[in-house]
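Note that this is a predicted model, so its numbers are computed, not measured. Every chain is numbered from 1 and lettered A, B, ... according to where its sequence line falls, protein lines coming before strand lines.
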There are 2 protein chains.
Amino acid sequence: MSELPIEPLSRRDRMRVDTVREIKETARKVLVEQGVDGLALRAVARAMGMTAPALYRYFDSREDLVEHVVADLYDELSDHLEQVRDAAEPATPGVQLMSTARAFRAWATTHHAEFGLLFGSAGEGVIPAADLHGPGDHPPQVASRRFGGVFAELISRVYLEQGFPVPDEEELEPALRAQLTEWCAKLPVALPLGVMHVFLSCWIRLYGMVCMEVFGHLRFALEDAAPMFESELQALGRILGIADEYRPPAA
Amino acid sequence: MSELPIEPLSRRDRMRVDTVREIKETARKVLVEQGVDGLALRAVARAMGMTAPALYRYFDSREDLVEHVVADLYDELSDHLEQVRDAAEPATPGVQLMSTARAFRAWATTHHAEFGLLFGSAGEGVIPAADLHGPGDHPPQVASRRFGGVFAELISRVYLEQGFPVPDEEELEPALRAQLTEWCAKLPVALPLGVMHVFLSCWIRLYGMVCMEVFGHLRFALEDAAPMFESELQALGRILGIADEYRPPAA
DNA sequence: GTGCTAGCGTGAACGGCGTTAGCGAACGGT
DNA sequence: ACCGTTCGCTAACGCCGTTCACGCTAGCAC
């Protein structure tokens, strides 16, 4: 689809690329200020001194624009998490994983609307039948796979470098084992199925904690979910054998 | 707010109650067929042979209608879960908890749109600043509290009748302990803080698992999340000391 | 039975939305 | 200088939530 001649970008093409970038940036600004429902084509156009139909020169529809924003957000989040991971001291997988998980929650709590778009049910109507996390080539799909890879790679490294207890293949139900095997085959490195199982379980717990906090489903019990998050993170650390590397957050 | 004279319902009042009920039922039908975004006042009115402004005789706004639908859904879900709980055999808290958790997932997977409205980010715009799970008297608030109580009561009974290991108060971070203490004071029965902590942790895990499945965030690894759910449920059972009561689902 | 009134449903209207169609201006390549 | 592509605009359609003023009708007091 995209041919790569070395420098064929005409002045017009450069302008176009810039405009696309500006539209997506403006859309994101509108998303933050007005929420998901306020993310309207007309609002975006208005915010950048254009009219709504002009945006159709750059995106097929509102949905197409939102998809690209979603992809950009996944990429930006992945960039941020990788940065935090690489800056973690000491640079052991355990510390890196803990820091990255904490950074994920911090991003979620400070980017409410964006998080809802990426991880909530808001994306339901957006990426419709075509599964978001499917194997397709749409921008949000590749971007979300990259995001998932950050945590998957970290847990893999924790396992490879330090190890942690994982269930034997025989302990897993056959149906689950089959699915894990299929998934495992797609990964670059071969790992025991039990590692994938532990990864999924940990990711479910991390996702659940952050999701409940951001969507306000913990307010029935907790006013500030930060201590509970740290407690859950510590529990995950114990499962992965990296509890001793636990560090309270900087703030 | 609601006065209860024995039978003062005039014919007119009965008509009105019926209409309110029909509107909410129609709204729910539209929600299921058209999704959250399709839940429009005009669509509801059209589906029941009315015009949109007429609905304003019964609800203040679209948001008000959606709130009442949310409350009804919470109540219906709570009814269903309590029914499953009371029908569980043998009637031990452990089996009841397992069955109820499984019924929760079954409801979520078969009521996609409704689940998104209750537990996803879709409710973000609906119950705006006034927290859904706050202490107010709005219908969705009382209904969601009732729902949460089903699981809280079950775990409490598991603890009281059989017990399971809970962290000591001293092990909990002071900030977390303070919040749990405050929450615990509002409950009918006094329980150790560690029980509340385990309850939250389990609920986070159950919610995370169901949420990820329903919102499609597990499709990157699993095509059918049922076996993984059962695996997680079994893990929860081990934490609560009821793993031996585990039963595979009927289906 | 008659008249009054409160409640209900309607059509029209306002502003906003996504989207399409058609027009004119600016630009790039030749 | 010319031609075609690209771009942004206005106008329009049908949807939405919401408000308003109007009729109708059912219930009630007398």
Looking at every strand, decide which applies to Ala40(B) at a 4.0 Å heavy-atom threshold: base, sugar-phosphate, or nothing. sugar-phosphate
Mind checking if Phe59(A) touches a base, just sugar-phosphate, or nothing, with heavy atoms under 4.0 Å? nothing
If the cut-off is 4.0 Å, is Arg57(B) near the phosphate of dT19(D), judged by side-chain N/O to OP1 or OP2? no
What is the distance, to the nearest angstrom, from the CD1 atom on Ile23(B) to the C1' atom on dG9(C)? 11 Å
Whole angstrom is fine here: how far is it from CD in Glu22(A) over to C1' in dG8(D)? 14 Å
Any Lys/Arg nitrogen of Arg219(B) or Asp224(B) sitting under 4.0 Å from an Asp/Glu carboxylate oxygen of the other? no
Whole-Å gap separating C1' (dC15(D)) and CD (Gln34(B)): 13 Å
Under 4.0 angstrom, heavy atoms only, what part of the nucleic acid is Ser61(A) near: base, sugar-phosphate, or nothing? sugar-phosphate
When you measure from the side-chain N and O atoms of Arg46(A) to the phosphate of dG15(C), is any distance below 4.0 Å, counting only OP1 and OP2? no
Which nucleotide sits closest to the side chain of Met50(B): dT10(C), dC16(D), dC17(C)? dT10(C)
Can you tell me if Thr51(B) touches the phosphate of dG9(C), counting only side-chain N or O atoms and a distance under 4.0 Å to OP1 or OP2? no
Closest nucleotide of DNA chain C for Asp60(A) versus for Pro53(B): which of these residues is on the 5' side? Pro53(B)
Would you mind checking if Glu76(A) and Arg28(A) are paired as a salt bridge, meaning a charged N to carboxylate O distance below 4.0 Å? yes
How close or far is atom P of dT18(D) from atom CG of Asp64(B), stated in whole angstroms? 10 Å
Which class fits the ring pair Phe220(B) and Trp183(A): parallel under 30°, tilted 30 to 60°, perpendicular over 60°? perpendicular
I want to verify a distance call: between dT19(C), dC9(D), dT10(C), whose nearest atom is closest to the Leu41(A) side chain? dT19(C)
Is Arg21(A) salt-bridged to Asp72(A), cutoff N-O under 4.0 Å? no
Rounded to whole Å, how long is the line connecting atom CZ of Arg62(A) with atom P of dC15(D)? 19 Å
Length of the CG-P vector between Leu65(A) and dG18(C), whole Å: 10 Å
Expressed in angstrom and rounded to an integer, what is the separation of Asp13(B) atom CG from dA6(C) atom C1'? 12 Å
Within this structure, what is the CG-to-P distance between Leu55(B) and dG7(C), rounded to whole angstrom? 18 Å
Any side-chain N or O of Tyr56(A) less than 4.0 Å from the OP1 or OP2 oxygen of dC7(D)? no
Parallel, tilted or perpendicular: which one describes the rings of His68(B) and Phe59(B), with boundaries at 30° and 60°? perpendicular
Ignoring backbone atoms, test whether Arg42(A) places a side-chain nitrogen or oxygen under 4.0 Å from the OP1 or OP2 oxygen of dG18(C). no
